[in-house]
Number of protein chains: 2
Amino acid sequence: MASKRKKVNFELFTLGSSSGVAYKNKALKKHIVQFIDNRGSSSITELSKELTTSVPKTTALVTELIAEGLLQDEGKIDSTGGRRASVFGLVSDACFFLGVDVKKYHVNVGLMDFQKRMVTHKDKLPFKMENTADSLKKLIQLIKDFISHSQIERARILGCGINLTGRINQHTGHSFSFYHFKEEPLAEVIQQEIGIPTYLENDSRSMAFGEFYSGEVSSERNVLFVNLDYGIGLGIVVDGKIYYGRSGFSGEFGHIPLFDNEIICHCGKKGCLETEASGWALIRKFKEHIEKGSSSSALKKNKSLNDATLEDIITAAKNEDTLCIELLSEIGEKLGKGLAVLINIFNPELIILGGTLSETGDYIRLPARSVLNKFSLSLVNNDTSLRISRLGERSGVIGACLIARSKVIYNT
Amino acid sequence: MASKRKKVNFELFTLGSSSGVAYKNKALKKHIVQFIDNRGSSSITELSKELTTSVPKTTALVTELIAEGLLQDEGKIDSTGGRRASVFGLVSDACFFLGVDVKKYHVNVGLMDFQKRMVTHKDKLPFKMENTADSLKKLIQLIKDFISHSQIERARILGCGINLTGRINQHTGHSFSFYHFKEEPLAEVIQQEIGIPTYLENDSRSMAFGEFYSGEVSSERNVLFVNLDYGIGLGIVVDGKIYYGRSGFSGEFGHIPLFDNEIICHCGKKGCLETEASGWALIRKFKEHIEKGSSSSALKKNKSLNDATLEDIITAAKNEDTLCIELLSEIGEKLGKGLAVLINIFNPELIILGGTLSETGDYIRLPARSVLNKFSLSLVNNDTSLRISRLGERSGVIGACLIARSKVIYNT
DNA sequence: TCAACTTTGTTAATTTTTTTATTAATTTTT
DNA sequence: AAAAATTAATAAAAAAATTAACAAAGTTGA
């Protein structure tokens with residue numbers, strides 16, 4: 001079906017640093033696409049105001065965009081007190097964006113259309129993330145397979161976003177924690193293989209972006225996303241844009257020195273937030289309690305204590321297992337102290353709790369909120385709402401798609 | 001002299017939300033001024049590239065800007081391999097910006113010209129900041145006097161920036177901690193009195209902005225400014241812009257819960273960074289040591305221990321007083337732990353230590369750096385340089401001027 | 001030293017865009 | 001229910017901007 005459609009002209013998205021009338025028109029058309037992306041279908045009059053360009057000129061630009069297959073006439077809106085205006089919107093299947101969310105034990109892949117709608121979605125594809133060339137090869141094959149099964153012609157897929165844990169320099173496309181075998185940026189390597197412009201991103205930042213730009217029109221401009229998994233990540237959105245810092249290593253929230261304990265963190269230091277408030281800490285605490293003689297439904301009969309996973313504990317808590325709920329509450333309290341730090345510094349509109357651990361919802365959120373109020377200035381924390389991720393497991397893929405999409409549409 | 005100059009046309013800076021050719025030309029001219037402000041004197045060809053507008057059109061715009069008194073021909077630059085180009089720069093005395101830095105026991109006032117140069121500067125004008133209507137009245141009078149003594153006609157002063165401690169909403173112009181007597185924003189009240197558009201700002205943020213935009217061309221885009229005084233403030237510059245947060249209460253760095261002590265902070269909570277690493281903590285520690293029998297040159301013979309000020313201790317340290325140097329080192333170490341938190345979260349290019357306490361230079365900086373390295377990820381802290389403020393006491397006034405200036409020129 | 005080449009700036013012709021006027025489609029008012 | 005008012009879209013006229021051609025000013029190299 002899609003292959004039968006007429007060709008779409010994407011020159012718009014690759015405007016060089018030329019000049020002249022042709023260049024200006026391209027820039028104006030790009031502006032139109034961006035405006036409609038942000039504000040939804042728009043009339044000629046609205047566009048004309050936004051571009052500060054006359055109505056006849058705007059009409060001409062929109063006509064060209066329709067001919068190029070990017071825009072479509074969506075009929076007339078209700079009158080605002082006079083002749084009804086035609087509105088124009090993005091053609092949903094004009095182009096697509098691929099998102100790949102690489103987790104420790106599986107991969108989620110998805111495809112998003114021009115209108116930000118997910119069209120295909122494969123959850124939990126079996127994959128084991130190991131820092132080997134072979135693992136990378138398998139990942140690339142997996143992406144290729146997804147593309148060919150998607151039935152969408154490759155030329156219409158304008159970008160691919162990939163999430164990895166660890167330290168990523170989004171700008172250069174380097175991954176430092178995983179698959180760092182050559183000098184050449186990993187993004188470049190994958191791009192060569194799949195034939196689609198590829199953008200790497202840290203998983204927490206990508207999830208933050210996904211949560212921020214999806215769903216309802218987000219009036220919030222400053223949002224923090226806390227990724228609660230085995231470790232603790234932080235995605236920072238400032239004024240609607242992802243914050244990277246000097247070399248893209250921002251958001252090492254899990255390793256702020258907040259406690260006076262003697263537990264050695266993965267990073268080699270003591271007292272990190274992660275030693276008390278992460279999934280990793282949860283499992284440690286769980287084991288300690290079981291060894292002291294506590295019982296819990298999270299202990300499966302055919303599994304040894306050492307093999308207990310985060311999922312086991314989360315499932316048990318959802319089934320009202322007392323020990324697990326208590327431990328989650330403890331984790332939430334410790335986390336709350338960390339969130340208080342963030343609130344005092346950022347005065348954000350919203351903090352979203354995401355990642356695997358956030359599936360426990362209020363078991364972790366309520367203790368966190370209560371401790372957070374205790375440790376941050378009330379004038380500041382009054383402004384901040386703390387909520388559980390709405391996208392859940394999907395925030396990663398959605399974020400990856402959205403990052404690729406905004407790279408292409410906005411060049412940011 | 002200045003009064004003899006021909007009239008300058010400022011319409012540019014007040015472009016309404018109109019449309020049409022006239023409006024577009026205004027916007028283009030504003031863009032020219034902004035570009036020259038950022039990149040220095042420029043040629044027609046450079047401007048033409050930046051605006052993506054033809055050379056004849058650009059020539060016409062520049063000619064108009066010269067006629068309006070904002071731009072001037074600055075002669076020809078060295079050839080780049082052909083005919084030499086004329087360059088155009090900002091007319092330094094076209095307009096001015098006022099900066100007022102209100103401290104606890106004095107006020108600094110200054111005037112900056114169109115080219116970011118300070119033309120008049122009055123340091124440490126006697127003033128006591130008290131939360132009374134009378135104090136506010138005196139402050140306004142002080143500003144009025146400064147203006148009339150400056151010999152600059154009021155119409156050429158396009159903006160006034162005022163720094164206050166405490167919680168400020170820059171956007172609405174409200175001050176919540178001081179002079180909050182009516183519903184009407186304080187900025188509005190002062191503006192009515194002095195007859196110049198007025199912008200309020202939190203002192204730490206203003207100092208951050210001053211430090212960021214003055215001096216050398218700042219290649220750093222993400223900078224943190226730590227204001228070490230009796231309290232601890234934080235100014236955050238993200239991508240060259242001040243970060244405010246939801247309601248302008250960002251940067252409450254002094255009140256992050258970092259220590260497990262029993263000291264009650266001004267904010268009512270325990271364990272705040274400010275209880276261990278501020279000027280206020282320094283004085284407390286100093287008193288404790290003296291009471292235990294230590295001696296120090298900071299103790300003036302005609303002053304009781306209770307009247308010891310931050311300045312006394314700083315001066316003593318500069319004169320190599322052992323106790324004071326030791327205490328500063330202790331303060332520096334505690335501060336370092338706080339800075340480690342910031343570095344892990346922000347991965348900034350630069351952290352600047354400013355405010356009164358920073359006058360002690362390496363006595364506080366070196367211990368801070370050493371502890372900071374211990375508590376933050378080395379991959380991240382390698383990127384960050386920690387330096388003492390170069391502007392010192394003046395960063396406040398310069399920041400206030402620059403904020404007023406960028407409000408007018410950039411409407412930000 | 002002078003021709004060939006570069007870059008800047010100006011003028012005139014051409015193209016593009018905006019304005020203004022007019023027609024069309026709805027709602028509001030009388 | 002018809003006229004007046006309001007908003008949208010189109011066509012023709014007027015204005016503005018770009019392009020292209022050329023002159024001016026400087027560099028480079030034989």
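Given the structure is predicted, the values throughout are model-derived calculations rather than measurements. Chain naming here is simple, since letters A, B, ... match the order of the sequence lines and numbering starts at 1 in each.
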Comparing F88(B) with P56(A), nearest DNA chain C nucleotide closer to 5' gives the residue F88(B)
Does a side-chain N-to-carboxylate-O contact under 4.0 Å join K29(A) and E68(A)? yes
Hey, where does DNA chain C pair up into stems, meaning at least three consecutive Watson-Crick or G-U pairs with distances under 3.5 Å? C:1-30 with D:1-30
5'-most contact on DNA chain D: V55(A) or T58(B), nearest heavy atom basis? V55(A)
All N/O contacts under 3.5 Å from nucleotides 1-7 of chain D to the protein, with atom names and distances to one decimal?
unit_1 : atom_1 : unit_2 : atom_2 : d
dT7(D) : O2     : R83(A) : N      : 2.9

Examine distances only and state if a side-chain atom of T63(B) and a backbone atom of T59(B) form a donor-acceptor pair shorter than 3.5 Å. yes
With distance as the sole criterion, is a donor-acceptor pair present between the side chains of Y244(A) and N222(B) under 3.5 Å? no
Residue pair Q34(A) / Y410(A), side-chain heavy-atom distance below 4.5 Å: yes
Checking F209(A) against S406(A) for the side chain to side chain contact (heavy atoms under 4.5 Å, CB included) test, could you report, in this order, the C-alpha distance in whole Å, the side-chain angles of both residues, the deciding distance, and whether it holds? CA-CA 10 Å; F209(A) 199 70; S406(A) 80; 3.8 Å; yes
With nearest nucleotides of DNA chain D determined for K76(A) and V21(A) from heavy-atom distances, which residue corresponds to the more 5′ nucleotide? K76(A)
Phosphate contact (dA8(D) OP1 or OP2) by S43(A) side-chain N/O below 4.0 Å: no
Please name the residue in the list N25(A), L65(A), I409(A) that meets the side-chain contact (heavy atoms from CB on, under 4.5 Å) test with L12(A). L65(A)
For S214(A) and F212(A), indicate whether the former's side chain and the latter's backbone hold a donor-acceptor pair under 3.5 Å. no
Just how far is it from atom CZ of F114(B) to atom OG of S92(B), taken to the nearest 0.5 Å? 10.0 Å
Nearest-angstrom distance from the residue atom NZ of K57(B) to P of dT11(C): 17 Å
Between K24(B) and dT18(C), does any side-chain N or O lie under 4.0 Å from OP1 or OP2? yes
Can you tell me how far C1' of dA8(D) sits from CD1 of I77(A), to the nearest Å? 10 Å
May I have the distance from E46(A) (atom CD) to dA9(D) (atom C1'), rounded to whole angstrom? 15 Å
Under 4.0 Å, heavy atoms only, any strand: does D78(B) hit a base, just the sugar-phosphate, or nothing? nothing
Any side-chain N or O of S86(A) under 4.0 Å from OP1/OP2 of dA9(D)? yes
N25(A) vs dT16(C): side-chain N/O to OP1/OP2 distance below 4.0 Å: no
Taking all non-hydrogen atoms of both residues, which atom of E211(A) and which atom of S395(A) are closest, and how far apart? OE1-CB, 3.5 Å
